[in-house]
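Below is one structure; the comments refer to it alone.
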Protein chains: 2
Amino acid sequence: MPRSAKKESNRDNLLNQGVSMLMRQGYHGTGLQEILDAVHIPKGSFYNYFESKEDFGAKVIQHYVDPFIIQLTTHLQQSGTDALGAIQRYFDELVAELEKNDFKGGCLLGNLMGEIGDTSPLCQQSLQMAVNRYRDLLQSGLAKAQQQGTVRTDKPAAGMADLLVNTWQGALLRAKIEKSSGPVRQCCQDLLGDFFRPHQAP
Amino acid sequence: MPRSAKKESNRDNLLNQGVSMLMRQGYHGTGLQEILDAVHIPKGSFYNYFESKEDFGAKVIQHYVDPFIIQLTTHLQQSGTDALGAIQRYFDELVAELEKNDFKGGCLLGNLMGEIGDTSPLCQQSLQMAVNRYRDLLQSGLAKAQQQGTVRTDKPAAGMADLLVNTWQGALLRAKIEKSSGPVRQCCQDLLGDFFRPHQAP
DNA sequence: TGGTTAAATATGACCAGTCGTTTTAATAAA
DNA sequence: TTTATTAAAACGACTGGTCATATTTAACCA
């Protein structure tokens with residue numbers, strides 16, 4: 001294996017491990033040693049891949065959000081005539097995975113926004129970008145649903161996307177401490193199934 | 001000063017300091033030494049007041065929520081004929097304080113739910129109780145508003161209270177990383193000003 | 001092509017400092 | 001004096017980060 005490929009592989013392993021450990025144990029609750037042990041990379045090598053723990057955290061945040069963008073994009077592309085249904089099915093998948101994980105972890109973005117969102121400038125910027133990417137995609141999906149007549153048009157799609165993201169985050173926190181998917185299911189029902197629907201039947 | 005009184009005073013100082021430091025820096029991001037220095041209590045004395053850091057965290061959570069309960073209760077009692085208005089004014093005060101603090105900290109409950117909500121059983125239980133107390137009070141306020149005709153009655157007050165709490169938490173996280181009160185203002189507008197309102201004008 | 005060297009990368013011992021907690025000694029109350 | 005409480009020192013483990021050394025790669029000239 002060429003050297004640069006191994007470096008990339010190591011880097012990727014660190015990021016993947018970082019995602020799962022930072023999500024479950026938090027930023028300050030996770031030591032570098034713990035992550036490095038898990039992927040069998042020596043302590044001294046860490047700083048060949050990342051400038052600092054803070055830099056690593058910022059990169060982990062970016063790395064985290066990619067799969068979600070892909071997942072939601074796929075749903076939106078697959079169901080061309082029913083964007084709202086695509087969004088609903090996407091969130092259903094998230095709920096299922098949350099239940100599979102016994103409500104542990106939740107969302108890395110939400111957890112880190114709370115923990116270091118206003119103490120680490122690097123991570124703050126990374127969180128901003130990640131959340132905005134996600135919100136923008138959701139917004140485009142809701143706009144599509146508006147055109148299709150399944151979502152009310154008297155409110156801007158941007159505002160609804162923000163509301164959906166925020167409520168989802170809050171519901172995830174509740175789900176975490178209640179060990180129940182009730183809050184996140186309620187979130188989807190209240191917003192996608194009620195608030196976002198057009199007032200008048202067509 | 002009698003001994004027991006001083007002990008209570010020390011205990012209270014530790015809790016107050018704990019609230020502000022845990023809110024700003026998180027649980028694992030705050031050392032006991034830091035808290036003890038701030039209130040001039042020797043390190044060795046800490047375990048006379050609390051069994052462990054985790055126990056301290058759980059007590060801090062309980063201590064945190066009391067003022068909010070009082071504040072909201074006061075608003076609800078003062079404006080007897082307009083419960084919805086009381087809730088709105090209460091949240092307006094929260095927004096104002098958030099702005100005063102430059103969007104730092106946010107909500108201790110939200111931050112700790114994300115950071116240690118599923119790793120510390122003691123704190124998890126304390127978080128559950130604190131959030132439930134708050135949610136229940138909000139629910140009673142919304143139920144009152146329903147009786148007064150200012151809030152829709154086709155949805156249970158309990159569900160709306162949960163939705164409000166969750167959206168507020170998520171909006172606080174967003175406000176924190178965007179350094180803007182936009183998200184929390186939007187939260188109040190969307191829910192209290194729109195979603196919770198009766199469908200038909202009277 | 002083969003051999004040499006310089007640059008790039010990987011490594012683990014080690015740093016000073018801090019963590020939460022425990023033990024022990026001093027102090028105050030009874 | 002006896003008993004209970006407080007405080008100080010010390011504990012081992014661990015923190016993020018550094019650095020000299022070892023190893024590998026690539027560039028060069030013969």
Side-chain angles (χ1 to χ4, degrees), chain A residues 1-15 17-61 112 115-116 119-124 126, chain B residues 1-15 17-19 21-61 111-112 115-116 119-124 126:
Chain A
M1 189 190 290
R3 189 135 176 176
S4 61
K6 189 189 173 193
K7 172 159 183 174
E8 275 312 303
S9 152
N10 279 347
R11 213 185 134 86
D12 224 55
N13 287 340
L14 281 171
L15 287 175
Q17 194 64 33
V19 163
S20 72
M21 303 200 84
L22 290 190
M23 182 157 57
R24 285 199 146 77
Q25 310 178 347
Y27 180 83
H28 287 113
T30 307
L32 292 182
Q33 189 68 251
E34 212 175 344
I35 299 173
L36 289 158
D37 288 349
V39 293
H40 305 103
I41 290 177
K43 178 85 177 269
S45 299
F46 177 82
Y47 292 90
N48 298 329
Y49 302 105
F50 304 97
E51 288 186 4
S52 64
K53 187 188 184 184
E54 190 185 0
D55 172 54
F56 175 66
K59 301 290 169 55
V60 164
I61 291 166
L112 292 195
E115 185 184 356
I116 53 170
T119 54
S120 159
L122 247 69
C123 292
Q124 181 179 67
S126 198
Chain B
M1 188 190 292
R3 191 138 179 172
S4 61
K6 187 189 173 191
K7 175 161 183 174
E8 275 310 303
S9 151
N10 280 348
R11 211 183 137 86
D12 224 55
N13 288 340
L14 281 171
L15 287 174
Q17 194 65 31
V19 163
M21 304 200 83
L22 291 190
M23 182 158 57
R24 286 198 145 77
Q25 309 178 347
Y27 180 83
H28 287 115
T30 307
L32 292 182
Q33 187 70 67
E34 211 176 343
I35 298 172
L36 290 158
D37 286 349
V39 293
H40 303 103
I41 292 176
K43 183 157 185 181
S45 300
F46 177 81
Y47 292 88
N48 298 327
Y49 302 104
F50 303 97
E51 289 185 4
S52 63
K53 189 189 183 183
E54 190 184 1
D55 172 55
F56 176 66
K59 301 289 171 56
V60 164
I61 291 166
N111 296 351
L112 292 194
E115 186 184 355
I116 54 170
T119 54
S120 158
L122 248 69
C123 292
Q124 181 180 65
S126 197

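Numbers restart at 1 for each chain; the letters A, B, ... are given by sequence-line order, proteins then strands. Nothing here was measured: the structure is a model prediction, and the numbers come from that model.
Distance check: B:Thr119 OG1 to B:His28 NE2 gives 6.0 Å after rounding to the nearest 0.5 Å.
Proximity of a side-chain donor or acceptor of A:Ser20 to a complementary backbone N or O of A:Gln17 within less than 3.5 Å is detected.
In this structure, A:Asn48 places its CG atom 17 Å from P of D:dG16, rounding to the nearest Å. At whole-Å resolution of the value, NZ in B:Lys53 and C1' in C:dT22 are 17 Å apart. Atom NE2 of B:His28 is separated from atom C1' of D:dG16 by 16 Å (rounded to the nearest Å). With rounding to whole Å, A:Phe50 atom CZ is found 15 Å from D:dG16 atom C1'. Atom P of nucleotide C:dC14 and atom CD of A:Gln33 are separated by 15 Å, given to the nearest angstrom. One interatomic measurement links the two molecules: CD of A:Glu54 to P of D:dT15, which rounds to 18 Å at whole-angstrom precision. At whole-Å resolution of the value, CD1 in B:Ile41 and P in D:dA7 are 8 Å apart. The interatomic distance linking B:Leu36 (CG) with D:dA9 (C1') rounds to 15 Å, in whole Å.
Closest to the side chain of B:Tyr47, from the set C:dT22, D:dG17, D:dT15, is C:dT22. For A:Leu32, the listed nucleotide lying nearest its side chain is D:dG16; candidates were D:dG16, C:dG12, D:dT15. Here the side chain of A:Ser52 is nearest to one of C:dG20, C:dT11, D:dG17, namely D:dG17. The side chain of A:Tyr49 approaches C:dA10 more closely than any other nucleotide in the set C:dA10, D:dG17, C:dG20.
Side-chain atoms of B:Lys43 come within donor-acceptor range of the base of C:dG20, with a qualifying N/O pair under 3.5 Å.
For the pair B:Ser45 and D:dT6, the criterion of a side-chain N or O lying under 4.0 Å from OP1 or OP2 is not met.
B:Phe46 comes within 4.0 angstrom of nothing in the nucleic acid, heavy atoms only.
B:Ala58 and B:Cys123 get closest at one heavy-atom pair: N-SG, 3.8 Å. Taking every heavy atom of both residues into account, B:Asn10 and B:Tyr49 meet most closely at ND2-OH, 2.7 Å.
Environment of CD in A:Glu34: crowded, with over 12 heavy atoms of neighbouring residues, nucleotides or ligands closer than 6.0 Å.
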